[in-house]
2 protein chains.
Amino acid sequence: MAEQAQYEELVRQFSAFGAVKREMGRVLPTDCPAGSAAVLTLLNRHGDMRMSKLAELLAVDMSVTSRHVAHIVERGWIERSADPADKRSRILRLTPEGLAQVDRLSRCTTQMLAERLSDWTDDEVAQLTRLMARLRSSFDESPRTPAITQ
Amino acid sequence: MAEQAQYEELVRQFSAFGAVKREMGRVLPTDCPAGSAAVLTLLNRHGDMRMSKLAELLAVDMSVTSRHVAHIVERGWIERSADPADKRSRILRLTPEGLAQVDRLSRCTTQMLAERLSDWTDDEVAQLTRLMARLRSSFDESPRTPAITQ
DNA sequence: TATTGTTATACTCTATAACTATA
DNA sequence: TATAGTTATAGAGTATAACAATA
């Protein structure tokens with residue numbers, strides 16, 4: 001269990017992380033903002049899935065997911081087909097163009113990180129990745145947001 | 001120097017971090033969104049400063065800083081006074097009410113982290129803090145965004 | 001002329017609520 | 001009735017560009 005000063009410093013780093021996110025966003029293709037990129041990457045990694053599953057992986061509301069998906073469908077990167085087992089659902093699948101876009105995205109971001117983190121060791125990159133994954137699961141597993149103390 | 005797959009995994013964690021940020025935002029007082037909280041925290045930590053200095057610490061455009069500051073001034077948490085040495089500049093200073101708000105914020109976020117990270121060791125928290133700080137400096141020091149490869 | 005800060009405008013991401021279609 | 005997904009609306013955060021005041 002850490003102390004208050006440690007938590008405050010961590011919060012500060014959380015806040016400052018926004019600058020990293022924005023810098024990452026600047027290397028993305030103009031018609032593929034971060035939200036779209038996240039959808040494409042998850043579909044590539046986990047394979048075809050329903051909207052609800054995608055929303056869960058993105059950890060955002062399904063209404064948000066629906067907007068991202070609509071944007072991507074317009075560009076021909078994914079297809080929405082009806083689920084024969086449940087006509088309310090729609091199955092999402094990457095098109096060949098979508099797969100090409102995933103490759104493009106991977107090259108953009110990988111090259112960018114390789115430049116920025118050129119003096120990081122393999123182990124440091126792995127550590128950061130591991131700790132951020134753990135952070136996420138610590139937030140996932142906890143009970144929902146407690147009341148605000150005004 | 002890490003490999004492509006490692007970078008891709010790191011990018012995935014960057015993307016997923018949004019959920020943590022949003023969860024943090026939910027414990028903030030309703031009239032003090034994350035942007036305002038960041039301004040108050042930085043003023044408390046670094047003392048009185050000019051707009052330009054604050055924008056640099058926030059790593060956002062000064063126009064954005066100006067909006068955040070206006071929001072906070074409206075609530076009486078900081079004062080903007082003219083800089084005698086340069087009448088174009090304005091010096092920002094926390095009011096007593098602002099200081100009280102900083103304390104409130106600190107309690108909110110600290111309590112939240114203490115719950116979510118209850119099974120983290122002191123050292124793990126410190127490691128994540130250190131790596132995120134290093135990440136930020138790696139991005140700060142690098143040359144500006146290279147061209148987009150469409 | 002250059003710099004400090006503000007404002008207008010536009011874009012991305014997000015959530016809530018109302019709605020349609022199906023289970 | 002309940003669930004899957006869409007759409008309308010609203011709010012937060014951001015950047016660019018035009019502007020005012022001062023250096």
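Numbers restart at 1 for each chain; the letters A, B, ... are given by sequence-line order, proteins then strands.
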**Report entry** Closest nucleotide among dA21(D), dT14(D), dT7(D) to the Arg22(A) side chain
**Finding:** dT14(D)
Query raised in the report: Could a donor-acceptor pair under 3.5 angstrom be found where the side chain of Ser63(A) meets the base of dT16(C)?
Result: yes
Query raised in the report: In terms of the nearest nucleotide of DNA chain C, which residue is placed more toward the 5' end: Gly35(A) or Pro84(A)?
Result: Gly35(A)
Query raised in the report: Using a cut-off of less than 4.0 Å, is there contact between a side-chain N or O of Thr65(A) and OP1 or OP2 of dG5(D)?
Result: no
Query raised in the report: Whole-Å distance between dG5(C) P and Lys53(B) NZ?
Result: 13 Å
Query raised in the report: Can a salt bridge be assigned to the pair Arg75(B) and Glu97(B) using a cut-off of 4.0 Å between side-chain N and carboxylate O?
Result: no
Report summary line: Arg88(A) has its side chain closest, among dT14(C), dA21(C), dT4(C), to dA21(C)
Report summary line: Winner on side-chain proximity to Ser52(A), out of dG5(D), dT3(C), dG5(C), is dG5(D)
Query raised in the report: Touch check for Ala34(A), heavy atoms < 4.0 angstrom, all strands: base, sugar-phosphate only, or nothing?
Result: sugar-phosphate
Requested in this report: Can you figure out which of dT6(C), dA15(C), dC13(C) approaches the side chain of Arg80(B) most closely?
Outcome: dT6(C)
Query raised in the report: Of the nucleotides dT7(D), dA23(C), dG13(D), which one has an atom closest to the side chain of Ser66(A)?
Result: dT7(D)
Report task. Please say whether more than 12 non-hydrogen atoms of neighbouring residues, nucleotides or ligands are located less than 6.0 Å from NZ in Lys21(B). Result -> yes
Query raised in the report: Would you say dT12(C) has OP1 or OP2 under 4.0 Å from some side-chain N or O of His71(A)?
Result: no
Query raised in the report: Which listed nucleotide (dG5(D), dA12(D), dA23(C)) is nearest to the side chain of Arg90(A)?
Result: dG5(D)
Query raised in the report: Which nucleotide in the set dA15(C), dT6(C), dG5(D) lies at the smallest distance from any side-chain heavy atom of Val64(A)?
Result: dA15(C)
Requested in this report: Take atom CG of Asp61(B) and atom P of dT6(C), then tell me their distance rounded to the nearest Å.
Outcome: 12 Å
Report summary line: Among dA2(C), dT14(C), dT22(C), the one nearest any side-chain atom of Val60(A) is dT14(C)
Report task. In plain terms, say whether Glu9(A) and Arg12(A) are close enough for a salt bridge, that is, a side-chain N and a carboxylate O under 4.0 Å apart. Result -> no
Report summary line: Glu74(A) CD to dT7(D) C1', in whole Å, measures 14 Å
**Report entry** His68(B) vs dT14(D): side-chain N/O to OP1/OP2 distance below 4.0 Å
**Finding:** yes
**Report entry** Spacing between Asp83(B) atom CG and dT3(C) atom C1', to the nearest angstrom
**Finding:** 13 Å
Query - Atom-to-atom span, CE of Met49(A) to P of dA4(D) - whole angstrom - result: 16 Å
Requested in this report: With the side chain of Asp86(B) defined as its heavy atoms from C-beta on, choose the nearest nucleotide among dA15(C), dG5(D), dA23(D).
Outcome: dA23(D)
Report task. State whether the distance check finds a donor on one side and an acceptor on the other, under 3.5 Å, for side chain Arg67(B) versus base dT14(D). Result -> yes
Query raised in the report: Do Ser106(A) and Tyr7(B) come close enough that some side-chain heavy atom pair is under 4.5 Å?
Result: no
Query raised in the report: How close or far is atom C1' of dT22(D) from atom CZ of Arg50(B), stated in whole angstroms?
Result: 12 Å
Query raised in the report: When the distance from CZ of Arg26(A) to C1' of dC11(C) is rounded to whole Å, what number comes out?
Result: 14 Å
Requested in this report: Return the value, rounded to whole Å, for the distance between atom CE of Met62(A) and atom P of dT3(D).
Outcome: 11 Å
Query raised in the report: Is it the case that one hydrophobic cluster holds both Leu99(B) and Ile91(B), taking links as side-chain heavy atoms less than 4.5 Å apart, direct or via other members?
Result: no
Query raised in the report: What nucleotide, of dT6(D), dT16(D), dT14(C), holds the atom closest to the side chain of Met51(A)?
Result: dT6(D)
Requested in this report: Indicate yes or no: at least one non-hydrogen side-chain atom of Arg134(A) is less than 4.5 angstrom from one of Glu124(B).
Outcome: yes
